2 protein chains.
Amino acid sequence: MKTTVSEKEAVTIGQRNRLQYIILGLLDQRPQTGYDLTKAFDNEIGEFWQAQHSQIYPLLKRLEETGDITHEVTMTGEKLAKKQYQLTPAGHEKLVTWIGEPSPELTALKDEFILKLYFIKTADDPRLQPMLQEQILLHQRQLQHLLHRRETVFADQAAIDQAYGHYLILDHAIEREQHYVQWLERYLTPRKDS
Amino acid sequence: MKTTVSEKEAVTIGQRNRLQYIILGLLDQRPQTGYDLTKAFDNEIGEFWQAQHSQIYPLLKRLEETGDITHEVTMTGEKLAKKQYQLTPAGHEKLVTWIGEPSPELTALKDEFILKLYFIKTADDPRLQPMLQEQILLHQRQLQHLLHRRETVFADQAAIDQAYGHYLILDHAIEREQHYVQWLERYLTPRKDS
DNA sequence: TTAAAACATGTAATTAATTACATGTTTTAA
DNA sequence: TTAAAACATGTAATTAATTACATGTTTTAA
């Protein structure tokens with residue numbers, strides 16, 4: 001099959017590209033700009049997925065080319081053009097289909113501490129206890145952060161009722177950190193000094 | 001600064017490339033081939049990190065170019081040449097340095113189920129309960145798998161004593177799955193039928 | 001009034017990771 | 001004896017993700 005100069009590449013986005021669904025899901029809540037979406041990753045989305053604006057802007061362009069979203073330009077002040085993106089019916093359908101599909105893959109957790117632990121061969125390795133202590137501090141701090149977020153984001157039952165999934169995620173993350181710290185502390189041997 | 005045709009590219013591997021440290025750590029245990037290393041990812045390493053042979057072979061070549069490993073060719077049968085890789089002192093040093101460094105980054109967990117949960121807005125969403133049920137099955141199966149591995153890999157205290165870090169990882173993974181299942185079950189509302 | 005912070009949108013270059021393509025040998029079990 | 005499984009090593013193409021480069025506007029607080 002010959003290709004001609006004028007023939008356009010078919011724009012597709014792989015099913016495994018999860019970022020697209022986050023974008024669709026966020027736009028399903030309300031029309032937003034690329035900048036708004038980027039900020040969402042600094043807040044709640046950031047607890048469980050990471051993305052920079054350099055990934056988001058190109059993907060927005062591609063999602064528009066595949067017909068999942070459209071945009072309208074609105075002006076802020078005299079010169080600043082903002083692109084408000086919104087879902088098309090096709091984009092909404094894609095989101096709903098994805099949520100309805102099974103999620104049979106286990107988390108591929110990439111925890112560098114766990115990786116290092118694997119290469120600690122004996123219980124009396126002098127590096128083990130400092131490593132545990134460092135991780136305890138890290139996860140205690142993360143736990144405090146998550147507890148604080150639950151207090152502020154889900155202060156009343158109404159907040160829980162209208163973002164129930166988000167509440168579940170936060171609840172899960174809090175428990176995970178609590179158990180992580182408990183587990184670390186169990187293998188921490190008390191020091192005698194000072 | 002001008003570059004000439006004969007000038008070679010300096011081969012470097014980024015510090016953030018974690019796979020290199022797994023390879024170094026595995027080779028620290030004993031000299032191995034790329035095939036052996038690949039198999040290690042089907043077994044215990046696979047519980048917490050993934051890599052295919054198409055990633056491993058090129059990285060072995062680069063690690064040799066940076067002077068971290070060397071190889072010897074051994075013959076199996078008449079024609080089959082195997083490359084046995086082993087650490088150089090520099091490679092060993094690199095491994096030890098990495099293990100000794102702080103690990104201040106929290107796990108970036110990429111759990112698709114968690115992602116979907118975020119977009120479930122209310123507790124009575126009909127998709128919620130089937131999603132929870134699916135995940136319970138998935139994590140119960142994973143838990144059984146991990147328990148079975150602990151039984152077989154760490155059957156006696158001697159096995160624990162000589163691969164203590166690995167034991168800790170497995171113990172942690174088991175607890176994580178137990179808590180995950182408990183957490184999922186807490187939000188599962190019992191059905192009345194059948 | 002002005003400097004800093006926040007808002008706003010992109011592209012380029014590089015690196016990491018996955019999937020597919022490619023080929024051949026040795027061992028094991030039927 | 002032979003077919004399948006396991007052993008063994010690579011490259012090519014594509015996609016995802018990160019880091020760096022690039023530029024400009026509006027709002028806020030000193």
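So you know, we letter chains A, B, ... as the sequences are listed, proteins then strands, and number each from 1. Being a predicted model, the structure only gives us computed values, none of them experimental.
Atom OH of B:Y57 and atom C1' of D:dT11 are 13 Å apart (whole Å). Rounded to whole angstrom, the span from the CD atom of A:E78 across to the C1' atom of D:dT27 amounts to 15 Å. Rounded to whole Å, the distance from CE on A:M75 to P on D:dT25 is 11 Å. Spacing between atom CD of A:Q32 and atom P of C:dT9 amounts to 11 Å, rounded to whole angstrom units. Between A:K39 atom NZ and C:dC7 atom C1' the separation is 8 Å, expressed in whole Å. Straight-line distance from the CD atom of A:Q84 to the P atom of C:dC7: 14 Å, rounded to whole Å. For B:D42 and D:dA8, the CG to P distance is 14 Å, given to the nearest whole Å. B:L80 places its CG atom 11 Å from the C1' atom of C:dT27, with the value rounded to the nearest Å.
Using a 3.5 Å distance cut-off with no hydrogens or angles, the side chains of B:D125 and A:Y164 do not pair a donor with an acceptor. Counted by atom type alone, B:Q142 and B:Y180 present zero donor-acceptor pairs between their side chains at under 3.5 Å.
In this structure, the side chains of A:Q52 and A:T38 stay at 4.5 Å or more apart for every pair of heavy atoms. Looking at A:Y21 and B:L115, their side chains never come closer than 4.5 Å, going by heavy atoms from C-beta outward. The shortest distance between side-chain heavy atoms of B:L27 and B:L63 does not fall below 4.5 Å.
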Contact list (N/O, under 3.5 angstrom) for nucleotides 4-6 of chain C vs protein:
none

Please write out each protein N/O paired with an N/O of nucleotides 15-19 of chain D under 3.5 Å, distance rounded to 0.1 Å.
residue: D:dA17; atom: OP2; partner: A:Q55; partner atom: NE2; Å: 2.9
residue: D:dT19; atom: O4; partner: A:S54; partner atom: OG; Å: 2.6

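A salt bridge links A:R186 with B:E175: the closest approach of a Lys/Arg side-chain nitrogen to an acidic carboxylate oxygen falls below 4.0 angstrom. In summary, B:E47 and B:R176 do not engage in a salt bridge, as defined by a charged side-chain N under 4.0 Å from a carboxylate O. A salt bridge links B:R16 to B:E105: one of the charged nitrogens lies within less than 4.0 Å of a carboxylate oxygen.
Using a distance-only test at 3.5 Å, with no hydrogens or angles considered, no donor-acceptor pair links the side chain of B:D171 to the main chain of B:L168. With hydrogens and angles disregarded, a donor-acceptor distance shorter than 3.5 Å links the side chain of B:E64 to the backbone of B:H71.
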| said: Wobble G-U and Watson-Crick pairs count when both distances are under 3.5 Å; given that, what is the 5' to 3' dot-bracket string of DNA chain C, with | for pairing to other strands? | reply: ||||||||||||||||||||||||||||||
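Contact check, A:T76 against C:dC7: no side-chain N or O comes under 4.0 Å of OP1 or OP2. For B:K82 and C:dT25, the shortest distance from a side-chain N or O to OP1 or OP2 is not below 4.0 Å. A close approach under 4.0 Å does occur between a side-chain nitrogen or oxygen of B:K61 and OP1 or OP2 of D:dT11.
Other residues, nucleotides and ligands place more than 12 heavy atoms under 6.0 Å from the NZ atom of A:K121.
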| CA sep, side-chain torsions, deciding dist, call: B:W98, A:E112, side-chain hydrogen bond (donor to acceptor under 3.5 Å, both in side chains) | CA-CA 10 Å; B:W98 171 70; A:E112 193 165 7; 2.7 Å; yes
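Which of C:dG24, D:dT25, D:dT9 sits closest to the side chain of A:K79 comes down to D:dT25.
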